[in-house]
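Inspection log for the structure reproduced underneath, given as structure tokens.
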2 protein chains.
Amino acid sequence: MVRNKVKLAFMENNTERRVSYRKRQKGFLTKARELNTLCDVELATLVNSPYHNELEVFPNHKAATGIFTKFIDLPEDKKSKNMKTHEKITTKRIEKIEKELEKVRKENKKME
Amino acid sequence: MVRNKVKLAFMENNTERRVSYRKRQKGFLTKARELNTLCDVELATLVNSPYHNELEVFPNHKAATGIFTKFIDLPEDKKSKNMKTHEKITTKRIEKIEKELEKVRKENKKME
DNA sequence: AACGCTATATTTAGCCC
DNA sequence: CGGGCTAAATATAGCGT
């Protein structure tokens, strides 16, 4: 992502991975905070890594628990009110992801 | 964050907010994916917004449910200082094993 | 191991269609 | 509205301490 591009794959070097983790974890939380504040959406994240003792939770333990609980308890049928619409959305999302995947693959090839 | 800086506050303009949301949501998921892949940590996110019908879940419904459940079920006493010490020991052990793993990997590469 | 620095890669606000 | 473009802001890999 800088100086040299980094291939999107597990970083095998322990030291580098740890340093990268610390930096990226910080950036990730910043992005979460920005999205949350600017657009006022319900957002929670959870990171469990061997690099810190406690879990990294956003925005905080209580709020995250609330959001997660609501998600887990969500009955199956609530997840697709209208199957056709649901399928359409899913298809679109898959197309998007496939495009991104293709992009990433091309980028990775370039770097080799 | 570009052209003009944006104040870290709720965007009052509906259209701008929606556009910003779409862009930032995409960026946020990318960052989650990168952190997850590069550092191989247990990571889950959940975004519920009025801008899309479904919840945005990372990495997927099943994995997220698992991670969230584990988090919610975590008993209070697991957060005690004793536990932290224990976790520290575990972390150290993991570090040791990882170093060994790295060593082995290097040796394997040499042999290729 | 953790920090600070900086050169680049990446993200994204403001526009245009 | 949703997609594409681009300039400017940010994030971060590699390196020195």
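Letters A, B, ... mirror the listed sequences (proteins, then strands); counts begin at 1. All values below were derived from every heavy atom in this structure, side-chain atoms included, with hydrogens, water molecules and symmetry-related copies excluded.
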Quiz prompt | Shortest non-hydrogen separation from L43(B) to I67(B) and the atoms involved | solution = O-CD1, 3.8 Å

Quiz item: So, is R24(A) near the phosphate of dA11(D), with a side-chain N or O under 4.0 Å from OP1 or OP2?
Solution: no

Exercise. Assign the ring pair F71(B) / H61(A) to parallel, tilted or perpendicular, where the plane angle (0 to 90°) is split at 30° and 60°.
Key: tilted

To the nearest Å, how far apart are [X] [atom1] and [N] [atom2]?
X      : N       : atom1 : atom2 : value
N13(A) : dC15(D) : CG    : P     : 12 Å
Y21(A) : dA11(D) : OH    : C1'   : 16 Å
M11(A) : dT12(D) : CE    : C1'   : 10 Å
L8(B)  : dT12(C) : CG    : P     : 13 Å
R17(A) : dA13(D) : CZ    : P     : 13 Å
L35(B) : dA13(D) : CG    : P     : 10 Å
K26(B) : dA13(C) : NZ    : P     : 13 Å
K7(A)  : dA13(D) : NZ    : P     : 16 Å

Proximal nucleotide (of [options]) relative to the [X] side chain:
X      : options                  : result
V2(B)  : dA11(D), dA8(D), dG2(D)  : dA8(D)
E16(A) : dG14(C), dG14(D), dG2(D) : dG14(D)
E34(B) : dA2(C), dA11(D), dT11(C) : dT11(C)
K5(B)  : dT11(C), dA9(D), dA9(C)  : dA9(D)

Self-check item: Ring-ring centroid check F28(B) F58(B), cutoff 6.0 Å
Solution: no

Practice problem: Scan K31(A) against the nucleic acid and name what it touches under 4.0 Å (heavy atoms): base, sugar-phosphate only, or nothing. | Solution: sugar-phosphate

Practice problem: Spell out yes or no: do the side chain of K23(A) and the base of dA11(D) have one donor N/O and one acceptor N/O closer than 3.5 Å? | Solution: no

Quiz item: Is the shortest side-chain N to carboxylate O distance from K70(A) to E42(A) below 4.0 Å?
Solution: yes

Quiz item: Donor-acceptor pair, R17(B) side chain versus M11(B) backbone, under 3.5 Å?
Solution: yes

Quiz prompt | Pairwise 5' ranking along DNA chain C for N4(A) and S20(B), keeping only the more 5' one | solution = N4(A)

